[in-house]
**Q** 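The structure under discussion is supplied below as structure tokens; questions concerning it will follow.
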Amino acid sequence: MSDSTPNMITLTVPGMGSDHCAGIVRKTLERIDGVGVIQTNIANHHVSVTIEASGPDGDTLKKAVEGAGYDVAAVQSDQEDAESDAEIEEAYLSQARKRLIIAAIPTTLIMLLMIPHMFWQPIPGYLAIVALLAFPVVFLYGGAATHKSTWRSLKNGTFNMDVLISMGSLPPYLIGLVGFVYTMTSFIEMAATIMTFHLLGRYLEALAKGRASQAIRRLMTLGAKTARVERDGEEIEVPVKELAPGDIMIVRPGDKIPTDGEVVEGESHLDESLATGESIPVYKSTGDSVIGATINKEGRLRVKATRVGGDTFLSQVVRLIDQAQGSRVPIQEFADRMTGRFVPAVLAISLASLIAWALFPDVLRPILDWGATFLPWVNPDASTPTLALIAAVAVLVIACPCALGLATPTALMVGSGIGAERGILIRSGEAIQTFKDVKVMVLDKTGTITRGEPKLTDAVTAEGVEETHLLTLAASVENASEHPIARAIVEGAKERDVKPRDVSEFRSTGARGVSGKVGDETVLIGNRRLLEEEGVTGLEALDDAMAELEGKGRTVVIVAADGQALGLVAVADTLKEKSVEAIRGMHELGLHVVMITGDNERAARAVADEVGIDEVQAGVLPEGKVDAIRKLQEKHGNHVAMVGDGINDAAALKQANVGIAIGAGADVAIEAADVTLVRGELTAVVDAMHLSRATFGKIVQNLIWASAYNVAAIPIAAIGLLHPMIGVIAMTASSLSVIGNSLLLKRRFATNNPQGDSK
């Protein structure tokens with residue numbers, strides 16, 4: 001392979017319809033030298049292959065997959081193109097529909113002829129007519145792809161599910177032709193029916209899986225197609241693909257934001273529901289960041305592009321969901337072990353059933369006598385060869401492990417899609433399984449429980465002083481300062497309809513305080529030591545209020561004018577709006593909630609008491625958070641999740657069994673996390689926990705149903721109580737029931753009540 005060959009090659013394999021198929025594709029590619037990590041995703045039918053320096057090219061991979069019995073629709077060396085994927089999927093669905101129609105018409109005619117021939121009046125030349133009608137169904141456009149896949153699979157030493165269908169349809173047709181020489185029961189109808197129901201199942205599965213993955217498909221097509229940009233002083237319209245970082249985009253009311261950027265002029269409200277799941281528009285003005293594909297509601301904006309192409313938020317979301325849907329859940333190893341040996345075992349059971357009926361018909365026939373009393377398709381009077389063939393073919397068609405192979409991927413597909421719609425991005429299937437067992441939830445304080453920015457919380461006046469006068473003086477002097485506490489006081493005063501006045505003779509004493517002249521009054525603002533040094537009187541009267549505010553974790557400054565203390569102004573990092581509700585939800589889930597913060601004990605305890613935190617670890621440096629997580633794991637087992645938003649949280653997020661990043665936080669924290677919450681509210685953690693438990697519950701239900709179905713059905717078929725035509729219908733119904741059960745997740749999360757009944 002040349003140096004120009006990409007590190008990653010993506011194959012689109014439309015026929016890879018279940019995890020059993022994906023397993024065969026993985027094993028086939030693993031045999032090739034130079035192939036690294038292989039990730040399969042049945043949601044979009046992608047096989048992503050990491051290639052080592054001297055590894056194969058795309059054509060080699062394509063030939064290997066085709067040798068295993070699966071057609072390859074595309075070979076891509078870069079990021080997936082959503083439009084081309086949609087075209088491939090539509091072409092596959094159209095082809096499945098065409099095959100079904102071509103098979104269904106002759107098979108329907110065969111059924112219409114078979115009923116009068118069997119029950120009323122024999123039709124002259126019936127066998128020849130049926131053989132001609134069934135031939136295109138079994139051998140040509142209907143069944144050709146299935147038999148081609150079977151031949152490739154057997155030649156390659158693998159056993160895909162098409163092997164069972166070929167073995168269930170070819171022998172009955174060929175044996176039925178013996179009727180032209182010897183008088184015997186015709187099996188040609190059985191062959192045509194089995195193939196037709198197989199094609200019906202494939203078509204219905206493609207339709208159902210399209211519904212299951214519609215969330216990610218919607219996301220992939222949400223972005224704007226064109227953008228208005230300023231070029232050489234003019235506004236021109238260009239395709240979004242041609243945007244570059246730094247371009248100035250003009251976004252009119254009603255338009256989508258073309259790509260991620262920063263507002264450089266204008267103000268408006270944006271509908272960010274596609275990203276956050278929240279329906280309330282968000283106010284944006286100069287300096288605010290905006291997300292591509294969100295909708296500008298009213299104002300005209302000039303936006304500087306900051307991220308384009310595969311770096312945008314929407315592309316990252318699609319990539320995260322793609323990773324989740326293609327990932328492996330630990331419980332899936334059970335299904336993999338079963339399906340890996342399943343087809344050879346079924347072939348062996350089918351052969352054993354054929355031999356048993358040939359050698360011991362008198363032992364088995366009484367079972368049919370009993371079955372005939374309540375099963376209309378059982379005929380104990382049929383000849384022994386007929387009964388042997390029926391039993392053997394029934395085992396083949398009933399045993400397709402499609403349902404078992406669909407159990408995990410379809411639940412992951414639906415769960416990750418629901419999460420994306422609600423602003424919850426779960427990176428891996430393993431995280432879903434681990435998340436459901438979490439017992440301890442660790443929260444960072446700043447930016448997670450609190451807003452991460454100071455805000456004016458209290459104004460306490462001395463006797464005879466009005467609050468408006470106190471805030472006017474404080475805001476006027478602090479307006480000349482750029483300190484975060486000063487900005488909080490100014491903004492807080494404005495929110496209370498207090499406007500700063502002009503200040504003169506402004507002076508800052510560093511961390512201790514500020515002073516200035518407002519009108520005729522000389523104002524001093526700072527800590528107690530500064531004001532005592534300046535000889536300010538009346539401080540004792542404010543001591544109790546100051547102690548109470550500091551006990552709540554507030555930062556308190558004293559305001560004095562002309563040497564007399566006028567009152568106190570308190571600033572604190574305030575709680576996010578839904579933090580209390582979120583902690584309550586975590587307790588209802590049975591979680592032990594721990595806050596780990598670098599703040600002092602008093603400030604941390606004040607926040608913890610306000611929201612209902614169970615345990616506080618204060619004064620923990622960034623490097624100490626990893627040790628703190630490790631100690632919690634030793635105490636509570638490997639059931640610790642952590643929520644964080646900053647760069648200093650990244651290592652701790654990795655150490656936790658489940659790392660959860662607030663999406664508004666640092667990119668490095670998001671990269672380190674297993675779960676990303678796009679909206680910055682802790683209630684999303686509770687929603688994510690419910691989604692994880694519900695998704696894993698569906699996986700377990702699907703696996704139990706699919707495995708129980710096969711375990712129960714195969715013995716029934718082997719003893720002759722299950723007609724092959726009934727078996728192929730049941731096999732299709734089993735696969736569809738697994739997909740349908742996964743889709744029930746949508747009903748639970750259709751409203752904003754994820755805690756509702758999931759049954």
Side-chain angles (χ1 to χ4, degrees), residues 4 6-10 44 46 48 74 76-87 215-268 270-276 282 284-297 299-323 420 423 425 427 661 663-671 676 678-679:
S4 62
N7 292 324
M8 175 78 75
I9 294 176
T10 300
N44 55 21
H46 283 163
S48 299
Q76 297 163 304
S77 301
D78 50 11
Q79 287 296 326
E80 298 90 338
D81 185 325
E83 291 182 9
S84 66
D85 279 347
E87 289 170 5
I216 188 170
R217 291 181 187 284
R218 232 180 1 251
L219 278 175
M220 293 169 79
T221 56
L222 278 177
K225 299 291 185 281
T226 61
R228 292 185 187 89
V229 296
E230 293 181 354
R231 296 270 171 90
D232 301 323
E234 294 184 7
E235 281 186 30
I236 61 171
E237 193 164 302
V238 301
V240 168
K241 291 179 180 179
E242 294 181 10
L243 287 173
D247 279 343
I248 301 299
M249 305 176 291
I250 307 302
V251 186
R252 298 172 182 172
D255 286 354
K256 289 180 179 179
I257 305 292
T259 192
D260 296 0
E262 179 183 316
V263 178
V264 294
E265 185 182 308
E267 57 181 351
S268 182
L270 299 190
D271 178 358
E272 295 188 337
S273 57
L274 82 91
T276 65
V282 180
K284 299 286 182 178
S285 61
T286 303
D288 289 335
S289 59
V290 294
I291 299 170
T294 56
I295 300 171
N296 180 22
K297 300 298 286 186
R300 185 178 186 272
L301 299 175
R302 291 177 72 240
V303 179
K304 181 173 72 175
T306 55
R307 292 179 177 179
V308 297
D311 295 328
T312 64
F313 170 83
L314 193 61
S315 296
Q316 291 173 352
V317 168
V318 170
R319 212 154 38 237
L320 279 172
I321 300 173
D322 199 47
Q323 288 175 12
L425 308 180
R427 188 184 294 271
D667 286 351
V668 67
I670 295 170
E671 281 301 312
T676 300
V678 179
R679 68 183 198 265

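If you're wondering where the values come from, they're calculated on a predicted model, not measured in any experiment.
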**Q** Less than 4.5 Å apart, any side-chain heavy atom of Ile291 and any of Ile257?
**A**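 A side-chain contact is absent here, since even the closest heavy-atom pair is not under 4.5 Å.
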
**Q** What is the distance from atom CG of Asp255 to atom CE of Met249, rounded to the nearest 0.5 Å?
**A**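 Reported value, rounded in 0.5 Å steps: 11.0 Å.
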
**Q** So does Glu235 pair up with Arg300, basic N to acidic O under 4.0 Å?
**A**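 Salt bridge between Glu235 and Arg300, a charged N being under 4.0 Å from a carboxylate O: yes.
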
**Q** Thr226 and Glu237: which non-hydrogen atoms are nearest, and at how many Å?
**A**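 In terms of heavy atoms, the two residues are closest at OG1-OE2, 3.3 Å.
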
**Q** From Ile295 CD1 over to Leu270 CG, what is the distance, rounded to the nearest 0.5 angstrom?
**A**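 If I round to the nearest 0.5 Å, the distance is 9.5 Å.
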
**Q** Under the side-chain contact (heavy atoms from CB on, under 4.5 Å) rule, collect the residues that match up with Ser285, sequence neighbours excluded.
**A**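 Ser285: side-chain contact (heavy atoms from CB on, under 4.5 Å) contacts with Glu267, Tyr283, Asp288.
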
**Q** Among residues at least two apart in sequence or on other chains, which ones pass side-chain contact (heavy atoms from CB on, under 4.5 Å) with Glu230?
**A**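 Per chain and number, Glu230 pairs via side-chain contact (heavy atoms from CB on, under 4.5 Å) with Ile248, Ile250, Arg302.
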
**Q** Look only at the side chain of Lys256 and the backbone of Gly292, and say whether a donor-acceptor pair between them is shorter than 3.5 Å.
**A**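 Between the backbone of Gly292 and the side chain of Lys256 there is no qualifying donor-acceptor contact (under 3.5 Å).
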
**Q** Would you find a donor on one side and an acceptor on the other, under 3.5 Å apart, between the side chain of Thr259 and the backbone of Arg307?
**A**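 Answer holds: yes.
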
**Q** Report yes if the side chains of Asp260 and Ser289 come closer than 4.5 Å at any heavy-atom pair, otherwise no.
**A**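 No; the side chains remain at least 4.5 Å from each other.
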
**Q** Can you name the nearest heavy-atom pair linking Val240 to Pro258, along with the distance?
**A**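 What the structure gives for the nearest pair is CG1-O, 3.8 Å.
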
**Q** Enter the distance from Lys304:NZ to Glu265:CD here, rounded to the nearest 0.5 Å.
**A**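 Reported to 0.5 Å precision, the distance equals 14.0 Å.
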
**Q** Can you tell me how far apart CG (Leu301) and OG (Ser268) are? Round to the nearest 0.5 Å.
**A**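 Going from the CG atom of Leu301 to the OG atom of Ser268 covers 5.0 Å.
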
